[in-house]
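As the structure lists them, so they are numbered: ligands from 1, and atoms in each ligand from 1.
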Amino acid sequence: METTGVVVVGGGPAGMVAGLLLARAGVEVTVLEKHGDFLRDFRGDTVHASTLTLLDELGLGPSFSEVPHQLVDRMQVLLDSGPQTMADLSRLPGPHKHIAFVPQWDFLDLLADAGKREPTFTLRMNTEFTGLVRKNGKVTGVRYRTAGGETGELASDLVIAADGRSSPVREQAGLPVHEFGAPMDVWWFRVPRNPDEPSGGTGRFSRGQGLVLINRGDYFQCAYLIRKGTDRQLRAEGIEAFRQRMADLVPWLAERMETVESLDDVKLLDVKLDRLRRWHGDGVLCIGDAAHAMSPIGGVGINLAVQDAVAAATIVAAPLRRGELSPKVLAKVRRRRWFPTAATQAFQRRIQDSFLKPTLTGTSTIAQGKVPSVIRLIRRFPRLQVVPGYLVAIGLRPEHAPAFARRAPERIERS
Ligand SMILES: Cc1cc2nc3c(=O)[nH]c(=O)nc-3n(C[C@H](O)[C@H](O)[C@H](O)COP(=O)(O)OP(=O)(O)OC[C@H]3O[C@@H](n4cnc5c(N)ncnc54)[C@H](O)[C@@H]3O)c2cc1C
């Protein structure tokens with residue numbers, strides 16, 4: 001059997017950050033990613049202010065700045081009563097007063113290139129986790145299968161599940177999940193954008209519909225909110241009905257909806273909001289979406305996944321090196337990350353229940369031309385715009401790189 005110190009299952013934001021940090025601590029780490037590359041359309045493409053600070057601390061700031069990206073420093077909603085800025089990031093503390101929009105594969109490639117410089121870091125693409133190996137009830141490694149059909153076992157002191165919201169590892173570990181439910185799913189699509197059109201993120205809510213437009217330079221990444229479980233029914237209505245709905249909601253988008261050639265260009269996100277009651281078992285630890293799938297509200301899933309990874313690496317690195325890793329140590333990761341996760345999910349559930357659900361069922365007072373109380377409050381006291389800006393861009397309890405992972409700023413060679 002092959003051996004390594006830590007197996008990280010999943011090369012998403014959580015897995016790649018955890019892998020890089022542990023390797024910088026001198027721990028032998030192997031990241032298994034089932035896909036052959038990081039290319040995915042319509043994945044979260046946000047790199048938040050707190051993650052940008054983390055990249056600086058890791059010495060990766062100069063390399064990140066060379067990756068083409070857009071910076072967003074405010075978010076607004078367009079109601080029938082007019083536009084309203086909801087989140088202002090320009091007054092955030094710290095050097096990064098914005099969120100960067102970067103294709104997720106560029107962000108992950110950068111982390112992979114940084115990892116390759118560490119002698120104890122191995123990334124195995126095209127390698128799928130297929131099962132946990134146990135000895136006397138303790139997880140002692142994983143089984144895997146490569147795209148070429150080879151199978152094998154990899155023994156380790158710890159398995160980190162960073163395999164996303166359908167995590168096969170957490171399922172095999174038998175960790176109970178609490179589902180909170182969500183009233184909506186999301187249709188993702190893109191339309192061309194002209195330079196003079198809204199920058200930042202813009203939400204449009206009216207007559208039982210909601211659409212969020214995210215500036216991606218020459219196009220808008222669009223998130224159309226649909227009632228949970230209505231994907232099939234809406235697809236059956238056809239592309240013309242969809243184009244018409246978008247034209248009713250945002251008339252200036254009408255003509256360019258022709259660029260959405262068919263509903264095959266529209267991807268469904270089945271929204272989930274859940275959280276593990278326990279994030280670890282003996283020899284296994286869940287982080288990121290594997291521990292808590294976030295609603296897309298606020299676009300905070302990547303940030304929380306990255307912050308979990310930093311906390312996990314910081315907590316387990318020294319015990320791993322000393323050979324003293326125990327379930328007690330693993331439990332500390334959940335204790336550290338529970339508050340920011342639970343508080344953010346509570347905030348998302350409040351928005352779901354008080355705003356999105358009534359909007360999507362047509363029972364919102366917005367439909368009668370009324371402005372929601374939270375928007376009235378922000379209109380009256382514009383300085384409050386910094387609060388949602390902080391929650392989205394930095395988040396509660398931002399994590400910082402541990403001393404062992406810090407490096408001087410450097411442009412790393414990109415593959
Ligand atoms: C369409 C969409 C849009 C989103 N938009 C945003 C946004 O704008 N901002 C934001 O912050 N968040 C957004 N999110 C959420 C965000 O993408 C996630 O919260 C974040 O990626 C979680 O990171 P993670 O590393 O925990 O998991 P993931 O990013 O899901 O990564 C898990 C990785 O594990 C791999 N994997 C799974 N199973 C196996 C296996 N058996 N063996 C090996 N590898 C495996 C997967 O291929 C994947 O690479 C969006 C999500 C979706 C689906």
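Between Val9 and ligand 1, no pair of N/O atoms sits closer than 3.5 Å. Checking only distances, Phe129 does come within under 3.5 Å of ligand 1, N or O to N or O. Below 3.5 Å of separation, one finds an N or O of Thr46 facing an N or O of ligand 1.
Short contacts between ligand 1 and His35, defined as distances under 4.0 Å to a heavy atom of the residue, involve ligand atoms 47 (O). Near His48, with a cut-off below 4.0 Å to any heavy atom, the atoms of ligand 1 are 11 (O). Atoms of ligand 1 lying under 4.0 Å from any heavy atom of Gly164, numbered from 1 in the order shown and given with element: 27 (O), 30 (O), 32 (C). Those atoms of ligand 1 with a heavy atom of Pro168 less than 4.0 angstrom away are 41 (N). Near Trp188, with a cut-off below 4.0 Å to any heavy atom, the atoms of ligand 1 are 1 (C), 2 (C), 3 (C). Listed by number with element, the atoms of ligand 1 under 4.0 Å from a non-hydrogen atom of Gly301 are 10 (C), 11 (O), 12 (N), 19 (O). Residue-ligand proximity, Leu32 to ligand 1, at heavy-atom distances under 4.0 Å covers atoms 43 (C), 44 (N). Less than 4.0 angstrom separates some heavy atom of Gly288 from each of these atoms of ligand 1: 26 (O).
Neither the backbone nor the side chain of Lys267 has any atom closer than 4.0 Å to an atom of ligand 1 (non-hydrogen atoms only). By the criterion of a heavy-atom distance under 4.0 Å, both the backbone and the side chain of Ala14 are placed next to ligand 1. Residue Pro13 touches ligand 1 through backbone and side chain together, judged by heavy-atom distances below 4.0 Å. Contacts between Leu304 and ligand 1, counted as non-hydrogen atom pairs separated by less than 4.0 Å, are absent for every part of the residue. Only backbone heavy atoms of Thr127 (N, CA, C or O) come within less than 4.0 Å of ligand 1; its side chain stays farther off. Under 4.0 angstrom from ligand 1, the non-hydrogen atoms of Glu128 come from both its backbone and its side chain.
Test Val159, Thr127, Thr130, Val133 against Val142 for side-chain contact (heavy atoms from CB on, under 4.5 Å) and you get one pass: Val159. The only option from Thr4, Ile160, Leu123 that meets the side-chain contact (heavy atoms from CB on, under 4.5 Å) definition with Val31 turns out to be Leu123.
Expressed to the nearest 0.5 Å, how far CZ of Phe205 lies from CG of Leu225 amounts to 5.5 Å.
No side-chain donor-acceptor contact under 3.5 Å links Arg414 to the backbone of Arg411. Judged by distance alone, the side chain of Gln348 and the main-chain N or O of Ile297 form a donor-acceptor pair under 3.5 Å.
Using a 4.0 Å cutoff on heavy atoms, Glu33 counts as a contact of ligand 1.
Checking Ser90 against Asp73 by side-chain atom types alone, no donor-acceptor pair falls below 3.5 Å. A side-chain N or O of Arg277 and one of His178 form a donor-acceptor pair less than 3.5 Å apart. If you check the side chains of Asp308 and His292, you find a donor sitting under 3.5 Å from an acceptor.
In this structure, Asp157 and Lys138 approach most closely via the heavy-atom pair O-NZ, 3.8 Å.
Among Val306, Ile99, Thr51, Asp289, the residue whose heavy atom lies nearest to atom 26 (O) of ligand 1 is Asp289. For atom 20 (C) of ligand 1, the choice among Ile287, Val142, Val169, Ile302 with the nearest heavy atom turns out to be Ile302.
Counting heavy atoms from C-beta outward, Phe220 and Ile214 have side chains that stay 4.5 Å or more apart.
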Using the rule given for side chain to side chain donor-acceptor pair (under 3.5 Å), can you reason through Arg379 versus Gln84, listing the C-alpha separation, both sets of side-chain angles and the distance that settles it, and then say yes or no? CA-CA 7 Å; Arg379 255 187 202 163; Gln84 173 62 47; 3.0 Å; yes
Would you sort out whether Val266 and Phe242 count as a side chain to side chain contact (heavy atoms under 4.5 Å, CB included), showing the intermediate values? CA-CA 10 Å; Val266 177; Phe242 172 57; 3.9 Å; yes
